[in-house]
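Have a look at the structure below, then the notes.
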Amino acid sequence: MKKSVLLPLILVSLHCQAQFKDFSFRAAATFPLIANTNESVELNMVPISAAAGYNAVVVRTGTVRQSFQGKVGFDLSGRFNYGVTKRFFLSSGLSATCIRFRRTVEVESLNEISQPTIPLFPTVPGGSAGTPFGTIIPLDANGEVINYTELKSASPDLGNTTTWNIQVPLMAGTSLFKEKVLIKAGPAFSYLVYASEIKQQYSMQSTSMSVYKDVSKQGFNDILASGMLETTFRATSRLGIDFSAQHFFTPVYSNDGQSGSATRCNNFLVGVSYQL
């Protein structure tokens with residue numbers, strides 16, 4: 001009888017201690033740090049067009065280096081804390097996070113694994129005769145020489161990338177110094193809602209390069225998992241200064257056999273929160 005009465009009393013006691021603690025809004029600046037990567041990839045190149053009367057396909061394996069330069073982004077979020085005891089609490093909420101960086105892709109080395117062949121006309125379709133020698137000048141569809149100098153030039157905006165993620169953190173925290181300092185840590189899960197990258201393309205008609213914004217999530221991972229550590233210093237009873245560090249366990253780019261599958265991001269945040 002005593003045990004049957006004692007258990008409900010313990011549960012009621014825990015429920016009384018666990019209660020809604022507070023709700024806050026936060027606006028912050030973010031800055032990503034992404035390590036450079038070197039990956040071995042397969043490159044397929046078609047340097048000569050059919051307009052020249054012949055074509056050649058070169059298949060090589062090479063090392064591609066990706067360099068990343070972080071840029072300032074934004075974070076807007078709402079958080080609520082649910083008290084478990086006087087000093088320990090659970091924290092969750094919803095964040096809209098913008099991460100910005102510039103990606104530079106360079107081919108560091110090439111190892112040829114397949115020599116190009118030249119189908120001559122008239123020949124049996126699919127047949128080949130020898131391999132090219134000397135210097136072959138690639139032509140466009142109009143028979144004009146492709147301007148390699150212009151191909152190598154790059155816009156200063158080339159590679160600028162912007163992503164927007166909706167994040168849900170699931171953290172546990174504690175308060176120190178009479179609730180002047182809050183420390184929280186735990187996992188966070190993100191969904192990619194927007195991605196854009198400044199790219200360039202070659203026009204055969206004008207034999208020139210043009211820069212355009214590719215607004216597409218293709219090539220990016222939609223679902224990201226990360227770990228977060230947050231610290232809040234309460235300047236007043238309602239105003240706080242937030243510092244956060246976040247490490248993504250999931251690569252930024254999808255593992256589709258292309259370069260970038262090992263790229264992971266560390267995101268740092270400094271902001272101001274207001275407690276309701």
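Just so you know, these numbers use all the heavy atoms, side chains as well, and skip hydrogens, waters and symmetry mates.
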Reported [atom1]-to-[atom2] distance for the pair [X] and [Y], which is rounded to 0.5 angstrom:
X	Y	atom1	atom2	result
Arg87	Leu176	CZ	CG	5.5 Å
Leu94	Ile166	CG	CD1	5.5 Å
Ile241	Arg234	CD1	CZ	13.0 Å
Gln275	Thr236	CD	OG1	9.0 Å
Ile99	Leu224	CD1	CG	8.0 Å
Arg103	Asn36	CZ	CG	12.5 Å

Can Leu90 and Leu170 be said to form a side chain to side chain contact (heavy atoms under 4.5 Å, CB included), step by step? CA-CA 8 Å; Leu90 302 177; Leu170 301 172; over 6 Å; no
Between Gln246 and Thr30, is the side chain to side chain contact (heavy atoms under 4.5 Å, CB included) condition met? List the steps. CA-CA 10 Å; Gln246 181 178 17; Thr30 65; over 6 Å; no
If Ile, Leu, Val, Met, Phe, Trp and Tyr residues are connected whenever their side-chain heavy atoms lie under 4.5 Å apart, and connections chain through other members, are [X] and [Y] in the same group?
X	Y	value
Phe25	Val272	no
Phe243	Met228	no
Leu33	Val72	yes
Phe177	Phe233	yes
Leu158	Tyr212	no

Between Phe89 and Val84, is a side chain to side chain contact (heavy atoms under 4.5 Å, CB included) present by the stated rule, with each step listed? CA-CA 5 Å; Phe89 59 91; Val84 178; 5.5 Å; no
Does [X] reach the main-chain N or O of [Y] with its side chain, forming a donor-acceptor pair under 3.5 Å?
X	Y	result
Thr161	Gly159	yes
Ser244	Phe268	no
Ser216	Gln218	yes

[Y] side chain reached by [X] side chain, heavy atoms, under 4.5 Å:
X	Y	result
Thr97	Leu269	no
Phe68	Pro32	no
Asn221	Phe248	no
Thr263	Pro251	no

Heavy-atom closest pair, residues [X] and [Y]:
X	Y	answer
Phe31	Gly70	CE1-O, 3.4 Å
Thr232	Gly240	CG2-CA, 4.3 Å
Cys98	Thr162	SG-CG2, 3.7 Å
Ile34	Arg264	CG2-O, 3.5 Å
Phe249	Gly227	CE1-N, 3.3 Å
Gly186	Met171	N-CG, 3.6 Å

Between Arg79 and Ser24, do the side chains contain an N or O donor and an N or O acceptor separated by less than 3.5 Å?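 Short answer, no.
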Under the side-chain contact (heavy atoms from CB on, under 4.5 Å) test, which residues partner Lys71, sequence neighbours left out?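 side-chain contact (heavy atoms from CB on, under 4.5 Å) check on Lys71 returns Arg100, Arg102, Asn160.
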Would Val181 and Thr231 count as a side chain to side chain contact (heavy atoms under 4.5 Å, CB included) if you check the C-alpha gap in whole Å, the side-chain angles of each, and the deciding distance to 0.1 Å? CA-CA 7 Å; Val181 177; Thr231 302; 4.2 Å; yes
Residue Lys217 excluded, over 12 heavy atoms near NZ under 6.0 Å: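 Correct, the count exceeds 12.
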Report the relative orientation of the aromatic rings in Phe101 and Tyr253; use parallel for angles under 30°, tilted for 30 to 60°, perpendicular for over 60°.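 Perpendicular, since the angle between the ring planes exceeds 60°.
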Could you tell me if the ring centre of Tyr191 sits under 6.0 Å from that of Phe189?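 Judged by ring-centre distance (under 6.0 Å), Tyr191 and Phe189 do not meet the cut-off.
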Pairs satisfying salt bridge (charged side-chain N to carboxylate O under 4.0 Å, His left out), at least one member in residues 182-192, at least two apart: Lys184-Glu230
